[in-house]
Amino acid sequence: MNANKILIEKLLFPAMETMKGNHIRDDLRELQSSQGMRPAHMETLQREKLGELLLYCVHQVPAYKDLQHLIPEIQADPFEAIKKFPILRKREFQENSMNWLADGKDPGELIPNKTGGSTGEPVTFYMDRHAVEYYEAARWRGLSWWGITPGSPSIMLWGNPRETGKVQEKKYQLKERFLKNRILFSAHDLDPEKAGDLARAIQKFKPEYLYGYASALYTMAQLLQEKGLRLRCGIKAVVSTAETLQEEWIPVIESSFCAPVVNEYGARDAGIIAYQCPDGGMHISAENVYVEVVDLETGEPVPPGTRGALVVTDLNNFSMPRLRWRLGDLGAIATDRCVCGRALPLLESLDGREDSVLIRTDGAFVHGSTFGIASRDLSTVRQFQVVQKSPEEVVIKLVQVGTEEEKRADQVSFASHTEKKMPGTRVRIEVMDEIPPSASGKFRRVIREF
């Protein structure tokens, strides 16, 4: 048993509960209990929480006070009433965010947060401790399905580099190591030498799980394989988060780290939305968030099983409620339940970002996944990124290995595939030594810039 794990779970967490009024473990026990409900009871719980939130918003939140005429509909059926509330986009919120601050709430007494801005639209917002602790509890519930607890040792491949001096950085790393039982590796700096450092850290530290950006985990897994490094350390899970987990990455990651890949779907501005269980179901955190799927063009709700834009409502943030928040992600809600028996509804699919859907000159949509499929048969392509500048122009950035003849053949093949999918669009190839991630550390394979 890891000594620091015992210290955190037996001493640190109880001390936080006593000194700071921390309720994460209480919330976790509540969530672990509610997941065993019957599906109908879970729906009733969510209906009650959504109704309470909507009534609060029309009375206390300036952005929603002009919707008080919906009170009878909210009381009758919150699931239908919420469809009458406007979908909230990031740009609209940025223009006057304080309009969503509830009456009587002081930003100085709340917890500020900010999205990473990987989509070019960083958002600053406020939460209260209750909402933050529920976020954490939802994460630990998902991890608990894999035998992982709050004190479990972990290694993270993460972004958000800290612009600090060596002394401050050392203090930060020590705090992470001893108060959170984790070691951090930067997702901004993944070179072949770091693979050896990571392998040694894993063998020495013996983490119960790895946690990081999907692309960072995949890149490191590739580097480990290239250097012939094999790990045997009893990792329970490799948790992929913050980016779309590509299907073809999973076997590479699982082979390199000798552990199953677990998909976590969350966002800074929405908390933990869904978590994958050992039976493969992506369970929506229904006690935390109400998820809708709407048509990309009209914004109208679509039935379960139909892909569209994901719209979320945080059910626990009463300080700065953002109803029907359009995250910018694509997906679908499943029509069935998971064989694991948990009452939580399922996401059927997660299909990346809305702006990974490209637009042809005739106005038709082309989903970014088509480029991932095209790249699988191109042996020289180590990494790619498709950037649509306008309906008339697409740039394909490639990192390649192999002979010049092989590289050129794959360039022609990739360009030809793109031209067939997007007739009338100019396709330009750029060969690069490296395609850097965004400032937040995330890597995106397909981007529409307009």
Report task. Please state whether the rings of Trp100 and Tyr64 are parallel, tilted or perpendicular, taking 30° and 60° as the class boundaries. Result ->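 Ring orientation, 0 to 90° scale: perpendicular.
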**Report entry** Near-ring test Phe93/Trp325, centroid separation under 6.0 angstrom
**Finding:**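 Between Trp325 and Phe93, the centre distance is under 6.0 Å.
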Query raised in the report: Centres of the Tyr213 and Trp158 rings: under 6.0 Å?
Result: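 Between Trp158 and Tyr213, which both carry aromatic rings, the centre distance is below 6.0 Å.
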**Report entry** Salt bridge present between Asp77 and Arg47 (N-O < 4.0 angstrom)
**Finding:**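 Looking at Arg47 together with Asp77, the answer is yes, because their closest N to O distance falls below 4.0 Å.
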Do you know which two heavy atoms are closest between [X] and [Y], and how far apart they sit?
X: Cys338; Y: His283; result: CB-CE1, 3.4 Å
X: Val289; Y: Gln46; result: O-NE2, 3.1 Å
X: Leu198; Y: Met220; result: CD2-CG, 3.0 Å
X: Arg307; Y: Ser349; result: NE-OG, 3.5 Å
X: Phe318; Y: Ala102; result: O-CB, 3.6 Å
X: Lys206; Y: Pro153; result: O-CG, 3.9 Å

Query raised in the report: Is it true that the side chains of Arg445 and Gln246 contain a donor and an acceptor less than 3.5 Å apart?
Result: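 Judged by distance alone, the side chains do pair up.
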Requested in this report: Return yes if a side-chain donor-acceptor contact under 3.5 Å exists between Gln222 and Tyr218, otherwise no.
Outcome: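 There is such a pair between these side chains.
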Donor-acceptor contact below 3.5 Å, side chain [X] vs main chain [Y]:
X: Glu136; Y: Ile24; value: no
X: Lys236; Y: Gly147; value: yes
X: Arg38; Y: Ala40; value: no
X: Gln388; Y: Ile359; value: yes
X: Thr298; Y: Asp295; value: no
X: His59; Y: Leu55; value: yes
X: Asn4; Y: Arg177; value: yes
X: Glu73; Y: Ala81; value: no
X: Glu348; Y: Ala332; value: no
X: Thr219; Y: Ser215; value: yes

Answer whether the closest heavy-atom distance between the side chains of [X] and [Y] falls below 4.5 Å.
X: Pro78; Y: Glu48; answer: no
X: Ser154; Y: Ile183; answer: no
X: Tyr126; Y: Asp106; answer: no
X: Leu210; Y: Leu157; answer: no
X: Val58; Y: Lys65; answer: no
X: Arg337; Y: Pro39; answer: yes
X: Val252; Y: Gln225; answer: yes
X: Asn288; Y: Leu31; answer: yes

Report task. Report, as yes or no, whether the 6.0 Å neighbourhood of atom CE on Met19 holds more than 12 heavy atoms from other residues, nucleotides or ligands. Result ->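 Counting neighbours around CE of Met19, 12 or fewer heavy atoms of other residues, nucleotides or ligands fall under 6.0 Å, so no.
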Query raised in the report: Can you list the steps and then say if Ile284 with Leu346 is a side-chain contact (heavy atoms from CB on, under 4.5 Å)?
Result: CA-CA 6 Å; Ile284 296 173; Leu346 299 174; over 6 Å; no
**Report entry** Stepwise side-chain contact (heavy atoms from CB on, under 4.5 Å) check, Asp103 with Val61
**Finding:** CA-CA 6 Å; Asp103 292 344; Val61 181; over 6 Å; no
Gap separating the [atom1] atom of [X] from the [atom2] atom of [Y], nearest 0.5 angstrom:
X: Lys20; Y: Glu133; atom1: NZ; atom2: CD; result: 10.5 Å
X: Ile253; Y: Cys258; atom1: CD1; atom2: SG; result: 13.0 Å
X: Met156; Y: Tyr211; atom1: CE; atom2: OH; result: 6.0 Å
X: Tyr265; Y: Ser240; atom1: OH; atom2: OG; result: 13.0 Å
X: Leu28; Y: His23; atom1: CG; atom2: NE2; result: 14.0 Å
X: Ile74; Y: Leu67; atom1: CD1; atom2: CG; result: 8.0 Å

Report task. Please test Tyr134 against Asp314 for side-chain hydrogen bond (donor to acceptor under 3.5 Å, both in side chains), starting from the C-alpha separation and ending with a verdict. Result -> CA-CA 10 Å; Tyr134 249 102; Asp314 184 341; over 6 Å; no
**Report entry** Intermediate values then yes/no, salt bridge (Lys or Arg N to Asp or Glu O under 4.0 Å), Arg89 and Glu92
**Finding:** CA-CA 5 Å; Arg89 292 178 176 269; Glu92 179 186 356; over 6 Å; no
Query raised in the report: Under the side-chain hydrogen bond (donor to acceptor under 3.5 Å, both in side chains) criterion, do Asn113 and Asp269 qualify, and how do the steps go?
Result: CA-CA 8 Å; Asn113 208 336; Asp269 46 348; over 6 Å; no
Query - Derivation and outcome, side-chain hydrogen bond (donor to acceptor under 3.5 Å, both in side chains), residues Trp145 and Gln35 - result: CA-CA 11 Å; Trp145 300 339; Gln35 71 184 15; 3.1 Å; yes
Query - ring pair (Phe, Tyr, Trp, His ring centres under 6.0 Å) against Tyr290, all qualifying residues, sequence neighbours excluded - result: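 Counting only residues at least two positions away or on another chain, Tyr290 forms a ring pair (Phe, Tyr, Trp, His ring centres under 6.0 Å) with Phe79.
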Requested in this report: Take Gln75 and Ile71 through the side-chain contact (heavy atoms from CB on, under 4.5 Å) test and state the conclusion after the steps.
Outcome: CA-CA 6 Å; Gln75 294 171 330; Ile71 290 175; 3.8 Å; yes
Report task. Test Lys49 against Asn316 for side-chain hydrogen bond (donor to acceptor under 3.5 Å, both in side chains), laying out the working first. Result -> CA-CA 8 Å; Lys49 295 191 76 167; Asn316 294 304; 2.9 Å; yes
Requested in this report: Check the pair Arg91 / Glu95 against salt bridge (Lys or Arg N to Asp or Glu O under 4.0 Å), numbers first and verdict last.
Outcome: CA-CA 6 Å; Arg91 188 166 300 173; Glu95 291 172 353; over 6 Å; no
Query raised in the report: Please, which pairs that meet salt bridge (Lys or Arg N to Asp or Glu O under 4.0 Å) have at least one residue in residues 281-294, sequence neighbours excluded?
Result: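 Output for this query lists Arg141-Glu287, Glu292-Arg324.
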Requested in this report: May I ask you to check if Arg322 and Phe125 form a cation-pi contact, with NZ or CZ under 6.0 angstrom from the six-membered ring centre and within 45° of the axis?
Outcome: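 Cation-pi check for Arg322 and Phe125: passes.
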Query raised in the report: How far apart are the C-alpha atoms of Leu88 and Arg326, what are their side-chain angles, what is the distance that settles it, and do they pass the side-chain contact (heavy atoms from CB on, under 4.5 Å) test?
Result: CA-CA 6 Å; Leu88 179 57; Arg326 190 157 174 168; over 6 Å; no
Query raised in the report: Are Arg382 and Glu226 close enough, and set up right, to give a salt bridge (Lys or Arg N to Asp or Glu O under 4.0 Å), and what steps lead you there?
Result: CA-CA 13 Å; Arg382 172 72 177 272; Glu226 289 174 4; 3.3 Å; yes
